[in-house]
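Working notes, structure below.
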Amino acid sequence: MSGGAARYRLEPARRVAGEIAVPGDKSISHRALMLGGIAEGRTEITGFLPGEDCHATLGALRAMGVTVEQHTATRLSVHGVGTQGLSAPARVLDMGNSGTAMRLFMGLLAGQRFGATLAGDASLTRRPMERVAQPLRAMGAVIATRDGKPPVAITGAPLVAIDYELPVPSAQVKSAILLAGLYASGTTRVTEPAPTRDHTERMLRGFGVAVQRHGPVAQVEGGQRLAATRIEVPGDISSAAFFLVAACLAADGAFVLRNVGVNPTRTGVLDILRLMGADIRIENARESGGEPSADLVVRASTLRGIRIPEALVPLAIDEFPVLFIAAAAAQGTTELRGAGELRVKETDRLAVMADGLGRLGVRHELLPDGIRIEGGPIGGGTIDSGGDHRIAMAFAVASLRAAGPLEILDVANVATSFPDFVPLARAAGLAIS
Ligand code: S3P
(Lines give C-alpha, C1' and ligand atoms only; values in the text may rest on other atoms or scores of the structure.)
Protein backbone atom coordinates (compact mmCIF):
# COMPACT_ATOMS: atom_id res chain seq x y z
CA MET A 1 0.00 0.00 0.00
CA SER A 2 1.04 3.57 -0.62
CA GLY A 3 2.29 6.32 1.56
CA GLY A 4 -1.06 8.10 1.00
CA ALA A 5 -2.68 9.83 3.94
CA ALA A 6 -4.56 7.57 6.33
CA ARG A 7 -7.49 9.96 6.40
CA TYR A 8 -8.94 12.96 4.61
CA ARG A 9 -10.34 15.97 6.35
CA LEU A 10 -12.73 18.18 4.41
CA GLU A 11 -14.33 21.48 5.28
CA PRO A 12 -17.57 22.21 3.48
CA ALA A 13 -16.90 23.86 0.10
CA ARG A 14 -19.46 25.40 -2.21
CA ARG A 15 -17.70 26.11 -5.48
CA VAL A 16 -15.57 24.20 -7.97
CA ALA A 17 -14.04 25.79 -11.02
CA GLY A 18 -11.35 25.46 -13.63
CA GLU A 19 -10.06 22.77 -15.86
CA ILE A 20 -8.34 19.48 -15.10
CA ALA A 21 -6.88 16.44 -16.81
CA VAL A 22 -7.50 13.22 -14.89
CA PRO A 23 -4.87 10.44 -14.90
CA GLY A 24 -4.78 7.66 -17.46
CA ASP A 25 -7.37 4.92 -17.72
CA LYS A 26 -6.67 2.04 -15.36
CA SER A 27 -8.24 -0.71 -17.47
CA ILE A 28 -6.39 0.41 -20.59
CA SER A 29 -3.07 0.84 -18.73
CA HIS A 30 -3.18 -2.76 -17.43
CA ARG A 31 -3.96 -4.10 -20.88
CA ALA A 32 -1.28 -2.00 -22.59
CA LEU A 33 1.37 -3.51 -20.30
CA MET A 34 0.14 -7.08 -20.65
CA LEU A 35 -0.33 -7.06 -24.41
CA GLY A 36 2.91 -5.09 -24.86
CA GLY A 37 4.66 -7.76 -22.78
CA ILE A 38 3.58 -10.63 -25.06
CA ALA A 39 3.95 -8.70 -28.32
CA GLU A 40 6.96 -8.80 -30.61
CA GLY A 41 8.89 -5.54 -30.54
CA ARG A 42 8.81 -2.39 -28.47
CA THR A 43 5.43 -0.98 -27.42
CA GLU A 44 5.41 2.72 -26.51
CA ILE A 45 2.82 3.77 -23.95
CA THR A 46 1.92 7.38 -23.12
CA GLY A 47 -0.69 8.58 -20.64
CA PHE A 48 -0.07 5.48 -18.46
CA LEU A 49 -1.72 5.49 -15.03
CA PRO A 50 1.07 5.49 -12.42
CA GLY A 51 -1.23 3.95 -9.81
CA GLU A 52 -0.43 1.03 -7.54
CA ASP A 53 -2.77 -1.34 -9.40
CA CYS A 54 -0.95 -0.87 -12.70
CA HIS A 55 2.41 -1.07 -10.94
CA ALA A 56 1.38 -4.53 -9.72
CA THR A 57 0.91 -5.59 -13.35
CA LEU A 58 4.22 -3.98 -14.27
CA GLY A 59 6.05 -5.79 -11.44
CA ALA A 60 4.57 -9.14 -12.45
CA LEU A 61 5.66 -8.72 -16.07
CA ARG A 62 9.18 -7.82 -14.97
CA ALA A 63 9.21 -10.91 -12.74
CA MET A 64 8.45 -12.96 -15.88
CA GLY A 65 11.29 -11.51 -17.88
CA VAL A 66 9.75 -8.49 -19.63
CA THR A 67 11.90 -5.36 -19.70
CA VAL A 68 9.90 -2.20 -19.11
CA GLU A 69 11.66 1.15 -19.37
CA GLN A 70 9.96 3.89 -17.42
CA HIS A 71 10.95 7.19 -19.04
CA THR A 72 8.58 9.23 -16.87
CA ALA A 73 5.72 8.27 -14.55
CA THR A 74 3.37 8.12 -17.55
CA ARG A 75 5.62 7.22 -20.51
CA LEU A 76 6.90 3.66 -20.81
CA SER A 77 8.51 1.35 -23.34
CA VAL A 78 7.66 -2.34 -23.06
CA HIS A 79 10.09 -4.72 -24.73
CA GLY A 80 7.74 -7.53 -25.69
CA VAL A 81 8.99 -11.11 -25.50
CA GLY A 82 6.34 -12.68 -27.76
CA THR A 83 3.48 -14.94 -26.73
CA GLN A 84 5.90 -17.78 -25.92
CA GLY A 85 8.63 -15.67 -24.35
CA LEU A 86 7.51 -15.18 -20.73
CA SER A 87 9.60 -17.04 -18.14
CA ALA A 88 8.70 -18.65 -14.83
CA PRO A 89 8.61 -16.10 -11.99
CA ALA A 90 10.92 -16.87 -9.07
CA ARG A 91 8.32 -15.80 -6.52
CA VAL A 92 4.61 -15.32 -5.90
CA LEU A 93 3.21 -12.54 -8.10
CA ASP A 94 1.71 -9.82 -5.90
CA MET A 95 -1.40 -8.28 -7.46
CA GLY A 96 -1.93 -5.88 -4.55
CA ASN A 97 -5.50 -4.53 -4.56
CA SER A 98 -6.11 -5.21 -8.25
CA GLY A 99 -8.84 -7.57 -9.39
CA THR A 100 -8.13 -6.67 -13.00
CA ALA A 101 -4.46 -7.64 -12.71
CA MET A 102 -5.27 -10.95 -11.05
CA ARG A 103 -8.12 -12.00 -13.34
CA LEU A 104 -6.43 -10.99 -16.60
CA PHE A 105 -3.17 -12.68 -15.59
CA MET A 106 -5.12 -15.86 -14.82
CA GLY A 107 -6.13 -15.92 -18.48
CA LEU A 108 -2.73 -14.92 -19.78
CA LEU A 109 -0.85 -17.47 -17.67
CA ALA A 110 -3.23 -20.45 -18.00
CA GLY A 111 -1.62 -21.64 -21.24
CA GLN A 112 2.06 -20.98 -20.48
CA ARG A 113 4.70 -23.68 -20.18
CA PHE A 114 5.34 -22.78 -16.53
CA GLY A 115 3.37 -22.32 -13.36
CA ALA A 116 2.78 -19.21 -11.25
CA THR A 117 0.97 -18.19 -8.08
CA LEU A 118 -1.01 -14.95 -7.85
CA ALA A 119 -1.72 -13.36 -4.48
CA GLY A 120 -3.13 -10.05 -3.31
CA ASP A 121 -3.94 -7.82 -0.34
CA ALA A 122 -6.69 -8.46 2.23
CA SER A 123 -9.41 -6.98 0.01
CA LEU A 124 -8.41 -8.93 -3.11
CA THR A 125 -8.11 -12.11 -1.03
CA ARG A 126 -11.84 -11.84 -0.29
CA ARG A 127 -12.88 -11.56 -3.95
CA PRO A 128 -14.31 -14.37 -6.13
CA MET A 129 -11.90 -15.99 -8.60
CA GLU A 130 -13.85 -19.11 -9.59
CA ARG A 131 -15.77 -17.02 -12.14
CA VAL A 132 -12.48 -16.98 -14.08
CA ALA A 133 -11.02 -20.32 -12.97
CA GLN A 134 -14.06 -22.37 -14.05
CA PRO A 135 -14.16 -21.39 -17.74
CA LEU A 136 -10.37 -21.60 -17.91
CA ARG A 137 -10.51 -25.14 -16.51
CA ALA A 138 -13.02 -25.96 -19.23
CA MET A 139 -10.24 -24.97 -21.68
CA GLY A 140 -7.84 -27.39 -19.98
CA ALA A 141 -6.21 -25.03 -17.49
CA VAL A 142 -5.00 -26.35 -14.17
CA ILE A 143 -5.90 -23.76 -11.55
CA ALA A 144 -6.35 -23.99 -7.80
CA THR A 145 -8.02 -21.32 -5.66
CA ARG A 146 -8.43 -21.23 -1.91
CA ASP A 147 -12.17 -21.70 -1.40
CA GLY A 148 -12.73 -19.86 -4.65
CA LYS A 149 -10.52 -16.93 -3.63
CA PRO A 150 -6.85 -15.96 -3.91
CA PRO A 151 -4.14 -17.06 -3.75
CA VAL A 152 -4.52 -18.62 -7.19
CA ALA A 153 -2.05 -21.30 -8.27
CA ILE A 154 -1.77 -21.84 -12.01
CA THR A 155 0.01 -24.80 -13.57
CA GLY A 156 0.60 -24.03 -17.24
CA ALA A 157 -1.24 -26.47 -19.51
CA PRO A 158 -2.20 -26.88 -23.17
CA LEU A 159 -5.54 -25.19 -23.84
CA VAL A 160 -8.41 -25.85 -26.20
CA ALA A 161 -10.92 -23.24 -27.32
CA ILE A 162 -14.35 -22.98 -25.69
CA ASP A 163 -17.64 -21.37 -26.43
CA TYR A 164 -18.59 -19.70 -23.15
CA GLU A 165 -21.66 -17.82 -22.05
CA LEU A 166 -20.85 -15.46 -19.19
CA PRO A 167 -23.25 -15.95 -16.28
CA VAL A 168 -22.63 -12.34 -15.11
CA PRO A 169 -21.58 -9.41 -17.27
CA SER A 170 -17.85 -9.06 -16.50
CA ALA A 171 -15.16 -7.55 -18.68
CA GLN A 172 -12.50 -9.16 -16.54
CA VAL A 173 -13.85 -12.66 -17.08
CA LYS A 174 -14.40 -12.00 -20.79
CA SER A 175 -10.85 -10.65 -21.11
CA ALA A 176 -9.28 -13.55 -19.23
CA ILE A 177 -10.97 -16.05 -21.57
CA LEU A 178 -9.97 -14.13 -24.69
CA LEU A 179 -6.35 -13.89 -23.49
CA ALA A 180 -6.34 -17.63 -22.77
CA GLY A 181 -7.90 -18.05 -26.22
CA LEU A 182 -4.70 -16.69 -27.77
CA TYR A 183 -2.97 -19.77 -26.38
CA ALA A 184 -5.74 -22.27 -27.21
CA SER A 185 -6.18 -24.45 -30.27
CA GLY A 186 -9.32 -23.44 -32.14
CA THR A 187 -11.62 -20.43 -31.92
CA THR A 188 -12.64 -19.21 -28.48
CA ARG A 189 -16.03 -17.52 -28.21
CA VAL A 190 -17.40 -15.51 -25.29
CA THR A 191 -21.05 -14.44 -25.17
CA GLU A 192 -21.97 -11.59 -22.84
CA PRO A 193 -25.44 -11.20 -21.32
CA ALA A 194 -24.99 -7.40 -21.53
CA PRO A 195 -22.25 -5.25 -23.06
CA THR A 196 -19.18 -4.74 -20.86
CA ARG A 197 -16.06 -2.67 -21.48
CA ASP A 198 -14.37 -3.80 -24.68
CA HIS A 199 -10.83 -2.48 -24.22
CA THR A 200 -9.29 -5.93 -24.59
CA GLU A 201 -10.94 -6.54 -27.97
CA ARG A 202 -10.04 -3.07 -29.24
CA MET A 203 -6.46 -3.27 -28.06
CA LEU A 204 -5.88 -6.78 -29.39
CA ARG A 205 -6.87 -5.40 -32.80
CA GLY A 206 -4.36 -2.58 -32.30
CA PHE A 207 -1.69 -5.26 -31.83
CA GLY A 208 -2.75 -6.85 -35.13
CA VAL A 209 -4.83 -9.71 -33.71
CA ALA A 210 -8.05 -10.61 -35.52
CA VAL A 211 -10.89 -10.38 -32.97
CA GLN A 212 -14.41 -10.71 -34.30
CA ARG A 213 -17.58 -9.40 -32.79
CA HIS A 214 -20.99 -10.82 -33.76
CA GLY A 215 -23.70 -9.24 -31.62
CA PRO A 216 -23.02 -10.34 -28.05
CA VAL A 217 -20.21 -12.73 -29.09
CA ALA A 218 -16.51 -11.85 -29.10
CA GLN A 219 -14.21 -14.43 -30.65
CA VAL A 220 -10.52 -14.98 -31.21
CA GLU A 221 -8.56 -17.74 -32.87
CA GLY A 222 -5.63 -19.22 -31.00
CA GLY A 223 -2.03 -19.06 -32.11
CA GLN A 224 -2.03 -15.43 -33.30
CA ARG A 225 1.00 -13.24 -32.70
CA LEU A 226 0.97 -9.65 -31.49
CA ALA A 227 2.96 -6.88 -33.18
CA ALA A 228 4.17 -4.04 -30.93
CA THR A 229 2.36 -0.74 -31.28
CA ARG A 230 1.93 2.73 -29.76
CA ILE A 231 -0.75 3.28 -27.15
CA GLU A 232 -1.98 6.67 -26.02
CA VAL A 233 -4.00 6.02 -22.88
CA PRO A 234 -6.90 8.48 -22.50
CA GLY A 235 -7.94 9.91 -19.12
CA ASP A 236 -9.97 7.54 -16.94
CA ILE A 237 -13.70 8.30 -17.00
CA SER A 238 -13.94 6.46 -13.68
CA SER A 239 -11.61 9.08 -12.16
CA ALA A 240 -13.35 11.88 -14.06
CA ALA A 241 -16.64 10.77 -12.47
CA PHE A 242 -15.75 12.38 -9.12
CA PHE A 243 -15.27 15.74 -10.82
CA LEU A 244 -18.32 15.29 -13.04
CA VAL A 245 -20.49 14.98 -9.96
CA ALA A 246 -18.57 17.73 -8.11
CA ALA A 247 -19.16 20.07 -11.05
CA CYS A 248 -22.87 19.17 -11.26
CA LEU A 249 -23.18 20.11 -7.60
CA ALA A 250 -21.10 23.29 -7.56
CA ALA A 251 -19.47 24.40 -10.82
CA ASP A 252 -19.00 28.11 -11.14
CA GLY A 253 -19.35 28.46 -14.90
CA ALA A 254 -18.06 25.73 -17.16
CA PHE A 255 -15.86 23.06 -15.52
CA VAL A 256 -13.70 21.31 -18.11
CA LEU A 257 -12.25 17.79 -17.98
CA ARG A 258 -9.71 17.38 -20.76
CA ASN A 259 -8.99 14.17 -22.69
CA VAL A 260 -11.36 11.72 -21.01
CA GLY A 261 -11.89 8.26 -22.52
CA VAL A 262 -15.48 8.04 -23.79
CA ASN A 263 -15.60 4.47 -25.06
CA PRO A 264 -19.38 3.75 -25.21
CA THR A 265 -18.93 0.73 -22.94
CA ARG A 266 -17.75 3.13 -20.20
CA THR A 267 -20.07 6.12 -20.50
CA GLY A 268 -22.99 4.91 -18.39
CA VAL A 269 -22.07 7.58 -15.83
CA LEU A 270 -22.74 10.30 -18.40
CA ASP A 271 -26.10 8.75 -19.33
CA ILE A 272 -27.16 8.38 -15.69
CA LEU A 273 -26.13 11.92 -14.73
CA ARG A 274 -27.91 13.32 -17.79
CA LEU A 275 -31.06 11.40 -16.89
CA MET A 276 -30.76 13.10 -13.49
CA GLY A 277 -30.63 16.48 -15.22
CA ALA A 278 -26.89 17.12 -15.53
CA ASP A 279 -25.60 19.60 -18.08
CA ILE A 280 -22.60 17.73 -19.56
CA ARG A 281 -21.34 18.45 -23.05
CA ILE A 282 -18.87 16.45 -25.10
CA GLU A 283 -16.38 18.55 -27.06
CA ASN A 284 -13.36 17.81 -29.27
CA ALA A 285 -14.37 14.19 -29.75
CA ARG A 286 -11.44 12.30 -31.27
CA GLU A 287 -10.00 8.80 -31.44
CA SER A 288 -6.55 7.45 -30.81
CA GLY A 289 -5.38 3.87 -30.93
CA GLY A 290 -8.93 2.60 -31.35
CA GLU A 291 -10.25 4.33 -28.20
CA PRO A 292 -12.46 7.46 -28.36
CA SER A 293 -11.72 10.42 -26.10
CA ALA A 294 -13.13 13.91 -25.65
CA ASP A 295 -13.26 16.96 -23.40
CA LEU A 296 -16.22 17.02 -21.02
CA VAL A 297 -17.74 20.40 -20.14
CA VAL A 298 -19.97 20.42 -17.07
CA ARG A 299 -22.16 23.13 -15.58
CA ALA A 300 -23.92 23.24 -12.23
CA SER A 301 -27.22 21.44 -12.56
CA THR A 302 -30.25 20.73 -10.42
CA LEU A 303 -30.22 16.96 -10.15
CA ARG A 304 -33.37 14.88 -9.68
CA GLY A 305 -33.79 11.35 -8.43
CA ILE A 306 -34.37 8.63 -11.02
CA ARG A 307 -34.79 4.90 -11.31
CA ILE A 308 -31.47 3.91 -12.88
CA PRO A 309 -32.06 1.77 -16.00
CA GLU A 310 -30.59 -1.69 -15.34
CA ALA A 311 -29.04 -1.81 -18.80
CA LEU A 312 -26.71 1.01 -17.70
CA VAL A 313 -25.37 -0.88 -14.66
CA PRO A 314 -22.42 -2.67 -16.35
CA LEU A 315 -21.60 0.53 -18.25
CA ALA A 316 -21.22 2.54 -15.02
CA ILE A 317 -20.17 -0.27 -12.68
CA ASP A 318 -17.26 1.57 -11.04
CA GLU A 319 -19.03 4.93 -10.78
CA PHE A 320 -21.82 4.04 -8.36
CA PRO A 321 -20.12 5.28 -5.19
CA VAL A 322 -20.06 8.84 -6.52
CA LEU A 323 -23.43 8.43 -8.24
CA PHE A 324 -24.86 7.69 -4.78
CA ILE A 325 -23.51 11.07 -3.65
CA ALA A 326 -25.22 12.66 -6.65
CA ALA A 327 -28.42 10.86 -5.58
CA ALA A 328 -28.05 12.14 -2.00
CA ALA A 329 -27.76 15.70 -3.35
CA ALA A 330 -30.65 15.32 -5.82
CA GLN A 331 -34.30 16.22 -5.42
CA GLY A 332 -36.39 13.10 -4.89
CA THR A 333 -35.53 9.43 -4.68
CA THR A 334 -33.03 7.47 -6.75
CA GLU A 335 -33.36 3.72 -7.04
CA LEU A 336 -30.73 1.27 -8.23
CA ARG A 337 -31.52 -2.41 -8.79
CA GLY A 338 -29.71 -5.22 -10.60
CA ALA A 339 -26.36 -4.15 -9.16
CA GLY A 340 -25.46 -7.11 -6.93
CA GLU A 341 -22.00 -7.09 -8.53
CA LEU A 342 -21.22 -4.04 -6.37
CA ARG A 343 -21.06 -6.39 -3.40
CA VAL A 344 -17.92 -8.10 -4.77
CA LYS A 345 -15.81 -5.07 -5.68
CA GLU A 346 -12.88 -3.77 -3.58
CA THR A 347 -15.46 -3.74 -0.77
CA ASP A 348 -19.16 -4.54 -0.62
CA ARG A 349 -19.87 -1.13 -2.13
CA LEU A 350 -23.60 -1.26 -1.41
CA ALA A 351 -23.06 -1.92 2.29
CA VAL A 352 -20.08 0.40 2.81
CA MET A 353 -21.74 3.28 0.93
CA ALA A 354 -25.00 2.74 2.83
CA ASP A 355 -23.10 2.90 6.11
CA GLY A 356 -21.36 6.15 5.13
CA LEU A 357 -24.59 7.74 3.84
CA GLY A 358 -26.26 6.80 7.12
CA ARG A 359 -23.49 8.48 9.11
CA LEU A 360 -24.14 11.71 7.22
CA GLY A 361 -27.89 11.49 7.87
CA VAL A 362 -28.83 10.60 4.28
CA ARG A 363 -32.03 8.55 4.24
CA HIS A 364 -31.68 5.35 2.27
CA GLU A 365 -32.76 1.74 2.07
CA LEU A 366 -30.21 -0.96 1.32
CA LEU A 367 -31.60 -3.62 -1.06
CA PRO A 368 -30.12 -7.04 -1.83
CA ASP A 369 -29.06 -5.92 -5.30
CA GLY A 370 -29.13 -2.14 -5.01
CA ILE A 371 -30.15 0.83 -2.92
CA ARG A 372 -32.82 3.51 -2.67
CA ILE A 373 -31.51 6.96 -1.73
CA GLU A 374 -33.61 9.96 -0.77
CA GLY A 375 -32.08 13.28 -1.74
CA GLY A 376 -31.95 15.84 1.04
CA PRO A 377 -29.66 17.48 3.54
CA ILE A 378 -26.20 15.99 4.04
CA GLY A 379 -24.61 16.30 7.47
CA GLY A 380 -20.99 16.35 8.56
CA GLY A 381 -19.33 13.38 10.23
CA THR A 382 -16.80 10.57 10.05
CA ILE A 383 -17.00 7.91 7.35
CA ASP A 384 -15.00 4.70 7.07
CA SER A 385 -14.14 4.01 3.41
CA GLY A 386 -13.28 0.40 4.26
CA GLY A 387 -10.04 0.90 2.32
CA ASP A 388 -11.99 1.34 -0.92
CA HIS A 389 -10.45 4.05 -3.12
CA ARG A 390 -13.65 4.98 -4.91
CA ILE A 391 -15.68 5.24 -1.71
CA ALA A 392 -13.05 7.53 -0.18
CA MET A 393 -13.14 9.86 -3.19
CA ALA A 394 -16.94 9.75 -3.45
CA PHE A 395 -17.40 11.02 0.09
CA ALA A 396 -14.85 13.78 -0.55
CA VAL A 397 -17.29 15.07 -3.21
CA ALA A 398 -20.08 15.07 -0.61
CA SER A 399 -18.26 17.99 1.10
CA LEU A 400 -19.82 20.23 -1.56
CA ARG A 401 -23.19 19.72 0.12
CA ALA A 402 -22.26 18.71 3.68
CA ALA A 403 -23.43 20.92 6.53
CA GLY A 404 -20.23 20.33 8.53
CA PRO A 405 -16.69 18.97 8.26
CA LEU A 406 -16.09 15.44 6.99
CA GLU A 407 -13.44 12.99 8.06
CA ILE A 408 -12.88 10.01 5.75
CA LEU A 409 -10.90 7.10 7.14
CA ASP A 410 -8.65 4.51 5.49
CA VAL A 411 -7.93 6.40 2.27
CA ALA A 412 -4.40 5.18 1.39
CA ASN A 413 -5.81 3.00 -1.41
CA VAL A 414 -6.78 6.08 -3.41
CA ALA A 415 -3.21 5.65 -4.72
CA THR A 416 -4.30 2.45 -6.49
CA SER A 417 -6.25 4.42 -9.10
CA PHE A 418 -5.80 8.16 -8.57
CA PRO A 419 -2.44 9.09 -7.03
CA ASP A 420 -2.92 12.88 -7.43
CA PHE A 421 -6.51 13.07 -6.26
CA VAL A 422 -5.84 15.44 -3.36
CA PRO A 423 -3.95 18.15 -5.27
CA LEU A 424 -6.41 17.98 -8.17
CA ALA A 425 -9.42 18.14 -5.87
CA ARG A 426 -7.88 21.07 -4.02
CA ALA A 427 -7.14 22.90 -7.26
CA ALA A 428 -10.75 22.40 -8.30
CA GLY A 429 -12.03 23.93 -5.04
CA LEU A 430 -12.48 21.16 -2.46
CA ALA A 431 -11.13 22.04 1.02
CA ILE A 432 -9.33 18.71 1.43
CA SER A 433 -6.24 17.87 3.45
C1 S3P B 1 -12.58 -3.99 -15.25
C2 S3P B 1 -13.83 -4.58 -15.26
C3 S3P B 1 -14.83 -4.37 -14.21
C4 S3P B 1 -14.51 -3.15 -13.36
C5 S3P B 1 -13.06 -3.11 -12.96
C6 S3P B 1 -12.17 -3.06 -14.18
C7 S3P B 1 -11.64 -4.27 -16.35
O8 S3P B 1 -14.85 -5.50 -13.37
O9 S3P B 1 -15.31 -3.11 -12.21
O10 S3P B 1 -12.79 -1.97 -12.17
O11 S3P B 1 -10.61 -3.56 -16.47
O12 S3P B 1 -11.90 -5.20 -17.12
P13 S3P B 1 -15.79 -6.79 -13.66
O14 S3P B 1 -15.28 -7.47 -14.86
O15 S3P B 1 -15.67 -7.62 -12.42
O16 S3P B 1 -17.19 -6.24 -13.85
Side-chain angles (χ1 to χ4, degrees), residues 23-35 48-49 51-54 56-57 95-108 120 123-124 126-136 148-150 164 166-180 190 192-204 218 231 233-234 236-242 261 263 265-269 291 310-323 338-350 369 388-391 393-394 413-414 416-418:
D25 187 275
K26 182 148 69 78
S27 292
I28 297 176
S29 295
H30 280 297
R31 288 159 170 81
L33 286 173
M34 289 185 192
L35 298 190
F48 177 76
L49 170 66
E52 290 173 0
D53 277 12
C54 300
T57 289
M95 303 287 107
N97 193 242
S98 179
T100 306
M102 183 166 288
R103 295 197 177 115
L104 268 56
F105 269 125
M106 285 172 72
L108 189 60
S123 154
L124 187 54
R126 287 191 292 268
R127 298 182 63 188
M129 294 299 146
E130 280 297 322
R131 53 177 58 195
V132 185
Q134 276 170 12
L136 293 178
K149 300 186 172 143
Y164 189 69
L166 293 176
V168 283
S170 164
Q172 292 176 353
V173 180
K174 171 179 66 175
S175 300
I177 297 169
L178 292 175
L179 293 176
V190 186
E192 350 186 55
T196 67
R197 66 191 69 191
D198 63 357
H199 305 303
T200 302
E201 298 93 303
R202 286 174 185 252
M203 200 183 288
L204 278 170
I231 295 168
V233 182
D236 197 327
I237 194 167
S238 298
S239 297
F242 304 103
N263 177 317
T265 60
R266 294 288 297 282
T267 48
V269 63
E291 287 283 351
E310 281 193 29
L312 292 177
V313 170
L315 309 179
I317 192 68
D318 293 335
E319 287 67 74
F320 285 106
V322 78
L323 285 169
E341 273 295 296
L342 292 179
R343 293 199 180 270
V344 291
K345 294 296 177 187
E346 285 83 328
T347 58
D348 176 342
R349 285 186 171 155
L350 293 176
D369 64 340
D388 187 319
H389 54 136
R390 299 203 195 280
I391 291 181
M393 292 185 273
N413 273 340
V414 169
T416 60
S417 69
F418 203 153

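Counting starts at 1 for both ligands and their atoms, following the listed order.
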task = Could you tell me whether the side chains of Arg103 and Ser175 share a donor-acceptor contact shorter than 3.5 Å?
result =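 Their side chains do not contain a donor-acceptor pair, so the 3.5 Å distance test is not met.
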query = Regarding Thr100 and His30, is there a side-chain donor-to-acceptor distance under 3.5 Å anywhere?
reply =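 Judged by distance alone, the side chains do not pair up.
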Passing candidate, side chain to side chain contact (heavy atoms under 4.5 Å, CB included) with Ser98, options Asp53, Thr416, Leu104 =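 Exactly one option meets the side chain to side chain contact (heavy atoms under 4.5 Å, CB included) with Ser98, and it is Asp53.
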task = Applying side chain to side chain contact (heavy atoms under 4.5 Å, CB included) between Pro23 and each of Leu49, Asp236, Val233, report the one that passes.
result =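 When Leu49, Asp236, Val233 are each tested with Pro23, the side chain to side chain contact (heavy atoms under 4.5 Å, CB included) holds only for Leu49.
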message = Is the shortest side-chain heavy-atom distance between Ser29 and Lys26 below 4.5 Å?
response =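 No - every pair of side-chain heavy atoms lies 4.5 Å or more apart.
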ask   = Measuring from each atom of ligand 1, which residues have a heavy atom under 4.0 Å away?
value =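 Shell around ligand 1 (4.0 Å, heavy atoms): Ser27, Arg31, Thr100, Arg103, Ser170, Ala171, Gln172, Arg197, Ile317, Asp318, Lys345.
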request  = Assess whether salt bridge (Lys or Arg N to Asp or Glu O under 4.0 Å) is satisfied between Asp25 and Arg266, documenting all intermediate values.
outcome  = CA-CA 11 Å; Asp25 187 275; Arg266 294 288 297 282; 2.9 Å; yes
